[in-house]
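Reviewing the structure listed below.
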There are 2 protein chains.
Amino acid sequence: MQSRTPAGRTGRPRSAAADTAILAATRAALVELGWSKLTLGDVATRAGVAKTTIYRRWAGKNELVVDAVAELFDELELPDSGTLAADIEGVVLQFAAILARPEARSGLMSVVAESIRDDALRERIRASIVQRQKRLVLEGRCRAERRGELPPEPNAEEAARTVDLIFDIVAGAVVHRTLVSAEPVDAEWARSFTQVLLLGLAGTADDARAAQAPRGPRT
Amino acid sequence: MQSRTPAGRTGRPRSAAADTAILAATRAALVELGWSKLTLGDVATRAGVAKTTIYRRWAGKNELVVDAVAELFDELELPDSGTLAADIEGVVLQFAAILARPEARSGLMSVVAESIRDDALRERIRASIVQRQKRLVLEGRCRAERRGELPPEPNAEEAARTVDLIFDIVAGAVVHRTLVSAEPVDAEWARSFTQVLLLGLAGTADDARAAQAPRGPRT
DNA sequence: GCCATTACGCTACGACTCGTAGCGAAAGCT
DNA sequence: AGCTTTCGCTACGAGTCGTAGCGTAATGGC
């Protein structure tokens, strides 16, 4: 978050209710208007606060939208499905479910676009969204190694690069499929994607499917 | 493009020079100002045309930027490098080189974000950028099958799905790496990515590298 | 060569948003 | 109490938007 009441200070504390109301109003405005037509005056009206109150807490539209969108991604979890393939599919489908919500779609892409010319904004996005969700990749890899599905990586630096690579592939593919190709990320797509990610293009032949863990019902 | 002079009409034809001047001015403005601070009045001044001339040809900022950015992607080519891996690396590096240009970065992401709430705009992007570049995937796969690096896909519908999947993975990963993670797509990253794409995560162990075509100098 | 037609540059306009400033009132802490 | 900070409200200049109207320039048809 950005607006903790300065701890040891005196005076009237900032209303926490206003914070949540503003962020919720921002998401609602994103749904109805999209990023470009969203105005801070409109958000203020929806939230039932004065426009000046928003400007006292956030530097501008970009920072506000980042905070409003970041909250959406905290609900991501990595269910232990028993196999690496099922774990990946689960996360992909969860991620896709979030991106299916219009407030996430229009908000996320727009602030990323703005961050290209604003280093502080990019760092804010990295800290509050991207870096936080890499935990999923880390945990998934850790489980897979314990199960023997992936060879352990002794080199720490190399391991970090691999985590970044996987994150870019997974997040990038889901985002591209959802927002650019505008096609749904359904169970079938998630299965095909996972197959390529695990076995490579050469492994997408039909006979290769059996080589992976037998994919029964999700028990 | 969008503004061909209506062929059989009478009257003064539209200046083709103005078209190119406007698109070039748009890219220049994207570099200096980014998308959100780009104004059509400014573009008009840079291009040496009247603001009303731009409004006569494009419906608004979004459509103009799409056309200005689309031209950048037409220079993509698929060099025949001899192996599928080298072909993929080549395209990845070319794509990354385009995304390294600031006019592509800020422009592309912003219009994609806007397209979420504008179906006509999304279709314009699909037609003038996405669909056009899928030729690269098609040709790469075709070559790989001729070389025997990939099994031929008899089912046409399944093949189309695979092309879409690969395109989402490649383009998504490069875009995410470049614009979200804000890390460079260099030769090393391209190599690692290609390895995962071809062999899967399980194939990233060191000994697996020799299993693929021996990667000598790019001969 | 003349005329109808269309594009162009220019100016001006109302409507809207931006971000800030100033005010009195409210809500805490000591 | 008294002090401090936040809050809601109003008002403001600056800037952008998209459009309309004008006179002029460049074509094709006759």
Side-chain angles (χ1 to χ4, degrees), chain A residues 1-26 29-30 32-65 106 110-111 114 117-118 120-121, chain B residues 1-26 29-30 32-65 106 110-111 114 117-118 120-121:
Chain A
M1 292 305 111
Q2 87 326 320
S3 68
R4 47 178 159 284
T5 308
R9 310 280 297 177
T10 169
R12 176 176 177 175
R14 287 192 169 167
S15 160
D19 252 42
T20 62
I22 292 171
L23 292 175
T26 304
L30 278 175
E32 286 186 27
L33 307 172
W35 186 85
S36 63
K37 294 181 182 174
L38 179 150
T39 69
L40 291 196
D42 185 57
V43 171
T45 305
R46 290 170 190 263
V49 302
K51 189 173 64 164
T52 47
T53 298
I54 300 181
Y55 277 103
R56 289 192 189 99
R57 305 185 182 204
W58 282 276
K61 186 154 91 166
N62 291 332
E63 289 76 7
L64 174 60
V65 173
S106 40
S110 303
V111 294
E114 287 299 305
R117 304 201 53 78
D118 184 340
L121 185 63
Chain B
M1 291 305 114
Q2 88 322 324
S3 67
R4 49 179 158 284
T5 309
R9 310 280 297 177
T10 169
R12 176 177 178 175
R14 288 192 170 167
S15 160
D19 253 41
T20 62
I22 292 172
L23 292 174
T26 303
L30 278 174
E32 286 186 27
L33 307 172
W35 186 85
S36 63
K37 293 182 181 172
L38 179 150
T39 69
L40 290 197
D42 185 56
V43 171
T45 306
R46 291 171 189 262
V49 301
K51 189 174 64 165
T52 47
T53 298
I54 300 181
Y55 278 104
R56 288 190 189 100
R57 306 186 181 204
W58 283 275
K61 185 154 93 167
N62 291 333
E63 289 77 7
L64 173 60
V65 173
S106 40
S110 302
V111 294
E114 288 299 306
R117 302 201 53 78
D118 185 339
L121 185 63

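Naming convention: chains lettered A, B, ... in sequence-line order (proteins, then strands); numbering from 1 in each chain.
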Discussion item. Is any side-chain heavy atom of B/Leu23 closer than 4.5 Å to one of B/Trp58?
Written reply: yes
Discussion item. Could you check whether any side-chain heavy atom of B/Arg14 comes within less than 4.5 Å of a side-chain heavy atom of B/Asp19, counting everything from C-beta outward?
Written reply: no
Worksheet item: So what is the end-to-end bend of the helix from C/dG1-D/dC30 to C/dT30-D/dA1, with 5 pairs used at each end and the value given to 10 degrees?
Response: 30°
Discussion item. Ignoring hydrogens, what is the shortest heavy-atom contact between A/Lys51 and A/Gly41? Give both atom names and the distance.
Written reply: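 The pair with the smallest heavy-atom distance is CD-CA, 3.9 Å.
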Worksheet, complete the sentence: Whether each nucleotide of nucleotides 9-25 of chain C has a protein heavy atom under 4.0 Å at its base (B), only at its sugar-phosphate (S) or at neither (-) is summarised, 5' to 3', as BB------SBBBB----
Worksheet item: Quick one: CD on A/Glu63 to CZ on A/Arg57, what's the gap to the nearest 0.5 Å?
Response: 15.5 Å
Quick one: [X] [atom1] to [N] [atom2], roughly how many Å, whole number?
| X | N | atom1 | atom2 | value |
| --- | --- | --- | --- | --- |
| A/Arg14 | D/dT4 | CZ | P | 18 Å |
| B/Leu64 | D/dG18 | CG | P | 12 Å |
| B/Ile54 | C/dC8 | CD1 | C1' | 13 Å |

Item to complete: Please step through side-chain contact (heavy atoms from CB on, under 4.5 Å) for the pair B/Lys61 and B/Trp35, ending with a clear verdict.
Response: CA-CA 9 Å; B/Lys61 185 154 93 167; B/Trp35 186 85; 3.6 Å; yes
Fill in: Listed partners of B/Asp42 passing side-chain contact (heavy atoms from CB on, under 4.5 Å), at least two apart
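Result, side-chain contact (heavy atoms from CB on, under 4.5 Å) vs B/Asp42: B/Ala29, B/Leu33, B/Thr39, B/Arg46.
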Discussion item. Looking at A/Ser106, is its backbone amide N or carbonyl O close enough to the side chain of A/Ser110 to form a donor-acceptor pair, meaning the two atoms are under 3.5 Å apart?
Written reply: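 Looks like yes, one N/O pair under 3.5 Å.
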Worksheet item: Name the one of B/Leu38, B/Val49, B/Val65 that satisfies side chain to side chain contact (heavy atoms under 4.5 Å, CB included) with B/Val43?
Response: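 Of the listed residues B/Leu38, B/Val49, B/Val65, the side chain to side chain contact (heavy atoms under 4.5 Å, CB included) partner of B/Val43 is B/Leu38.
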